[in-house]
K.L.:
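Below you'll find the structure I mean.
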Amino acid sequence: QVRLEESGGGLVQPGESLRLSCVASEEHRSTVATGWFRQAPGKAREFVASISPRGDKKNYSDSVKGRFTISRDNRRRVVYLQMNNLKSEDTAVYYCAAAYGGSVHVAPKEGSEYDNWGQGTQVAVSS
């Protein structure tokens with residue numbers, strides 16, 4: 001199975017930025033939508049953002065809309081999550097996930113729609 005590897009996490013202060021990357025180890029064998037999810041200590045995993053295989057459809061949770069931007073470079077097999085104006089409540093482990101075989105214009109928001117998950121990268125926002 002294709003491995004997904006996240007990177008770019010770290011410790012930052014409120015108001016700062018980070019860019020997360022999700023790289024696939026090899027070409028996916030079908031269309032792939034990609035999502036970012038996060039899980040804070042003691043909380044359930046939650047949807048953050050997703051992007052369709054073609055990159056033309058993007059979804060964001062209300063809590064990150066206007067601050068985070070998802071994008072993809074299919075030639076490089078990478079999906080980015082640009083996170084600006086970070087807040088303490090953004091502290092979590094961030095996971096990328098791949099959903100295979102769907103419409104090229106759909107960006108799923110439910111974790112159950114994703115088939116393959118990375119190991120996660122820690123983001124900590126603290127002063």
K.L.:
Answer yes or no: is there a side-chain heavy-atom contact under 4.5 Å between S88 and Q13?
P.N.:
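Counting from C-beta outward, S88 and Q13 never come under 4.5 Å.
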K.L.:
Please say yes or no: joined through hydrophobic side-chain contacts below 4.5 Å, possibly via intermediate residues, are L18 and I70 part of one cluster?
P.N.:
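Yes, because L18 and I70 connect within a single hydrophobic cluster, where side-chain heavy atoms sit under 4.5 Å apart.
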K.L.:
Side chains of V2 and N116, heavy atoms from C-beta outward: is any pair under 4.5 Å?
P.N.:
yes
K.L.:
Counting N and O atoms only, with roles assigned by atom type, does the side chain of S50 sit under 3.5 Å from a partner on the main chain of G35, one being a donor and the other an acceptor?
P.N.:
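Side chain of S50 to backbone of G35, a donor-acceptor pair under 3.5 Å: no, none is there.
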K.L.:
Name all residues meeting the side-chain contact (heavy atoms from CB on, under 4.5 Å) criterion together with S7; count only those two or more places apart in sequence or in a different chain, and write none if there are none.
P.N.:
S21
K.L.:
Looking at N85, is its backbone amide N or carbonyl O close enough to the side chain of R67 to form a donor-acceptor pair, meaning the two atoms are under 3.5 Å apart?
P.N.:
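Side chain of R67 to backbone of N85: a pair is present.
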K.L.:
Is it possible for you to say whether F68 and L20 belong to one hydrophobic cluster, with membership spreading through side-chain heavy-atom contacts below 4.5 Å?
P.N.:
yes
K.L.:
On a heavy-atom basis, which atom in M83 and which in Y94 lie closest, and how many Å separate them?
P.N.:
SD-CE2, 3.9 Å
K.L.:
In the single-linkage hydrophobic clustering (I, L, V, M, F, W, Y; side-chain heavy atoms under 4.5 Å), do L81 and L86 co-cluster?
P.N.:
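Same cluster: L81 reaches L86 through Ile, Leu, Val, Met, Phe, Trp or Tyr contacts under 4.5 Å.
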K.L.:
Passes side chain to side chain contact (heavy atoms under 4.5 Å, CB included), R77 versus E27? Steps please.
P.N.:
CA-CA 7 Å; R77 305 192 306 273; E27 292 290 339; 3.7 Å; yes
K.L.:
Are the side chains of N59 and F47 in touch, meaning some heavy atoms are under 4.5 Å apart?
P.N.:
yes
K.L.:
Are any non-hydrogen side-chain atoms of L11 and S126 less than 4.5 angstrom apart?
P.N.:
yes
K.L.:
For Q122 and G9, indicate whether the former's side chain and the latter's backbone hold a donor-acceptor pair under 3.5 Å.
P.N.:
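No; judged by distance alone, with no hydrogens or angles, the pair does not exist.
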K.L.:
Minimum heavy-atom separation for G120 and V93, please, with both atom names.
P.N.:
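Heavy atoms of G120 and V93 come nearest at CA-CG1, 3.9 Å.
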K.L.:
Would you sort out whether C22 and E5 count as a side chain to side chain contact (heavy atoms under 4.5 Å, CB included), showing the intermediate values?
P.N.:
CA-CA 5 Å; C22 173; E5 184 171 353; over 6 Å; no
K.L.:
With a 4.5 Å cut-off on side-chain heavy atoms, are V106 and K57 touching?
P.N.:
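SC-SC contact between K57 and V106 ruled out.
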K.L.:
Treat each ILVMFWY residue as a node, draw an edge where side-chain heavy atoms are under 4.5 Å apart, and state whether V12 and W36 are in one component.
P.N.:
yes
K.L.:
Is any side-chain heavy atom of R54 less than 4.5 Å from a side-chain heavy atom of H105?
P.N.:
yes
K.L.:
For E110, is the CD atom crowded, meaning more than 12 foreign heavy atoms sit under 6.0 Å from it?
P.N.:
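Not more than 12 within 6.0 Å, no.
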K.L.:
Is the distance from the ring center of W117 to that of F37 below 6.0 Å?
P.N.:
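They qualify: ring centres under 6.0 Å apart.
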K.L.:
Can you check whether P53's main-chain N or O pairs, donor with acceptor, with T31's side chain at less than 3.5 Å?
P.N.:
no
K.L.:
Which atom names give the shortest non-hydrogen contact between Y95 and Q39, and what distance separates them?
P.N.:
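Minimum heavy-atom contact is CE1-CB, 4.3 Å.
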K.L.:
So, do K109 and V48 sit near enough that their side-chain heavy atoms are less than 4.5 Å apart?
P.N.:
no
K.L.:
Look at K87 together with D90 and state whether they make a salt bridge at an N to O cut-off of under 4.0 Å.
P.N.:
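No salt bridge links K87 with D90.
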K.L.:
Between S25 and Q1, is the side chain to side chain contact (heavy atoms under 4.5 Å, CB included) condition met? List the steps.
P.N.:
CA-CA 9 Å; S25 60; Q1 188 176 15; over 6 Å; no
K.L.:
Enter the distance from K43:NZ to T91:OG1 here, rounded to the nearest 0.5 Å.
P.N.:
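Spacing of NZ (K43) from OG1 (T91) equals 10.0 Å.
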K.L.:
Is the backbone N or O of Y100 less than 3.5 Å from a side-chain atom of D115, with the two atoms forming a donor-acceptor pair by type?
P.N.:
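Yes; judged by distance alone, with no hydrogens or angles, the pair exists.
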K.L.:
Answer yes or no: does atom CD of E46 have more than 12 heavy-atom neighbours from other residues, nucleotides or ligands under 6.0 Å?
P.N.:
yes
K.L.:
Which atom names give the shortest non-hydrogen contact between A99 and P108, and what distance separates them?
P.N.:
CB-CG, 4.2 Å
K.L.:
Same hydrophobic cluster for Y114 and I51, using side-chain heavy-atom links shorter than 4.5 Å among ILVMFWY?
P.N.:
no
